[in-house]
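Side-chain atoms are counted along with the backbone in the values below, which use heavy atoms only and exclude waters and symmetry mates. Predicted, not measured: the structure shown is a model, and the values here were computed from it. When a ligand or atom number is given, it counts from 1 through the structure's own listing order.
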Amino acid sequence: MTCVKPEGAASRTTGQNRLDYNSLDAMTPRNPGAVPKSARNGQRVKAADVAPDGVYLPNNNVLTPHMRSPDYVQLSTAAAITLGIMAGKMYRCSCTRCLNLLLTYPEGCRANCAYCGLARHREAERDYADRNFIRVDWPAVPVERIVDIVHDQGADTPLHRMCISMITHPRSEDDTFSVLARWTAKINPETVPVSILSNPTTMSRADVEKLKDMGSDIFTVALDAATPELFDRTRGKGVQSPHSWAKYWKILEDARDIFGTKKFGAHIIVGMGESEFEVLRLVQQLVDMGGHSHMFCFFPERGSLMDHLPATPRDQWRRVQLGRYLIDYCDVRVEQMSFDDVGRVVDFALPSGELDAIIDAGIAFRTSGCPGKFREDVSACDRPYGDSPPSNIASYPFQPAASDVRKIRHQLDMERPGEAYEDGDEFELTND
Ligand code: SF4
């Protein structure tokens, strides 16, 4: 058994560009179109000024109510199902362990990130609270209602963590403080620890300190892009967006100083044009700082400036997932791994027996994020299918079963003799 992909071997899961990785050239975003004046800054919603009445489920056919943080937040469909706010079932998941709360305003996020469904250029077609984000709708719910539900669950809550996601908006910091204060007034952060997914562009070091003092446990920065060039192309000047790599790193370093080892991290999206070496080098840099990486597979979000581009081929994604796990949890260093001339991993720097055991354990291929209560390397953030459809799972929101591991091995081109994956195996049974 070898983890070396033979040179010239055909990929079984190639992307639309016929490569087994998304190259920089292939991943150019569209330019944002002009937004009519009448649709800018949430004007439709503000002019109509319809008072909100409890939960709002995204619906592009009705006039969106005038909802604002800190009174309102949006939450993932998975969290809404878990809390009983929405009816529904999730494929092979009974609940989500992380409650993601997203600040909300009629003006929405003022940034224009190319891969994001919440980006500013979408003002032309959808009011903010109706936009899809990481593949699903996000209902808007009064903060007090969410807090009361979790408070009533007490120690029986299924939640392992709550996360406030900031967006780019002038009120983002103050409203994050306010939502956090409303939460901790009724819920012990020891029972449900709090993470902050920050918006560095509008933040200062004092804001980071305040969030720590108010009881948040982990602070993360959504770098998303793995290199400065890619960051600028997808989140900065390339798409008329205000973010800068330097400011993101400044706040990340502040978080390291203030929150401390293993209490800060960065989000990275894989497959936007960086090489596997570049992303794993970044993972190593974060580990060397004392932090963690939280990794997502690029998926072309409907309505975004990258919705015409291919999702990350599973070959590339699995190699990076495995490499990230080895660096984050197994003391392997990126310098010990080998890469080919386009930066693909060709050797993971572990004896094959050890590598086999890690692959078979399946944890490396689960959703990644801040830890929950099961074990350090199992994320609380198991929101399902944020980076893929259930029919071709990128990040497993549950422990992969034997048939899932066979599929993963197939995607890695590391199948065991006599254990070949057959298309659809994982849909046959889920308790193997
Ligand atoms: S700052 Fe965040 S929410 Fe706003 S457009 Fe960028 S990725 Fe989306």
Side-chain angles (χ1 to χ4, degrees), residues 27 29-33 35 40-42 58 68-69 72-76 100-138 140 163-173 175-176 179 195-203 207 219-226 230-249 251-252 265-272 294-307 309 369 381 383 386-387:
M27 298 302 289
R30 283 189 277 117
N31 290 324
V35 177
R40 289 182 202 162
N41 276 303
R68 284 184 174 277
S69 294
Y72 266 79
V73 287
Q74 290 177 255
L75 78 178
S76 66
N100 298 96
L101 305 181
L102 182 67
L103 299 185
T104 193
Y105 308 93
E107 308 87 41
C109 183
R110 304 316 298 159
N112 224 11
C113 304
Y115 47 84
C116 182
L118 300 178
R120 189 185 71 229
H121 68 93
R122 295 196 74 195
E123 287 178 320
E125 42 140 348
R126 282 198 160 214
D127 294 330
Y128 186 74
D130 291 324
R131 289 177 211 162
N132 49 294
F133 177 49
I134 48 177
R135 302 189 64 256
V136 294
D137 287 338
W138 287 61
C163 176
I164 306 177
S165 301
M166 302 171 75
I167 60 174
T168 309
H169 187 280
R171 285 208 48 84
S172 203
E173 288 76 38
D175 292 339
T176 299
V179 170
S195 293
I196 304 292
L197 177 53
S198 65
N199 168 47
T201 296
T202 57
M203 291 185 85
D207 294 326
F219 186 98
T220 62
V221 167
L223 278 178
D224 291 354
L230 206 50
F231 187 101
D232 205 44
R233 180 204 254 193
T234 57
R235 318 199 64 189
K237 292 188 205 79
V239 282
Q240 299 157 32
S241 193
H243 301 317
S244 92
W245 177 261
K247 182 66 193 287
Y248 269 58
W249 273 93
I251 294 293
L252 187 59
H267 287 206
I268 311 169
I269 300 176
V270 172
M272 296 206 296
H294 306 169
M295 202 166 258
F296 307 87
C297 182
F298 170 74
F299 185 86
E301 178 82 16
R302 183 167 39 91
S304 75
L305 298 174
M306 295 177 80
D307 64 2
L309 297 173
C381 201
R383 187 184 50 244
D387 61 358

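Contacts classified as salt bridge (Lys or Arg N to Asp or Glu O under 4.0 Å) and involving residues 235-244 (residues at least two apart or in different chains) are given here: Asp224-Arg235. Applying the ring pair (Phe, Tyr, Trp, His ring centres under 6.0 Å) test to every pair with at least one member in residues 101-127, sequence neighbours left out, gives these pairs: Tyr105-His169.
If you count the protein N, O or S atoms nearer to atom 6 (Fe) of ligand 1 than 2.8 Å, you get 1.
Counting heavy atoms from C-beta outward, Met166 and Val179 have side chains that stay 4.5 Å or more apart.
Partners of Asp127 according to the salt bridge (charged side-chain N to carboxylate O under 4.0 Å, His left out) rule, which considers only residues two or more places apart in sequence or in another chain, are Arg44.
Listed for the Thr220 side chain is no donor-acceptor partner under 3.5 Å among the backbone atoms of Ser198.
Remark: Asp175 engages Arg171 in a salt bridge, criterion side-chain N to carboxylate O under 4.0 Å.
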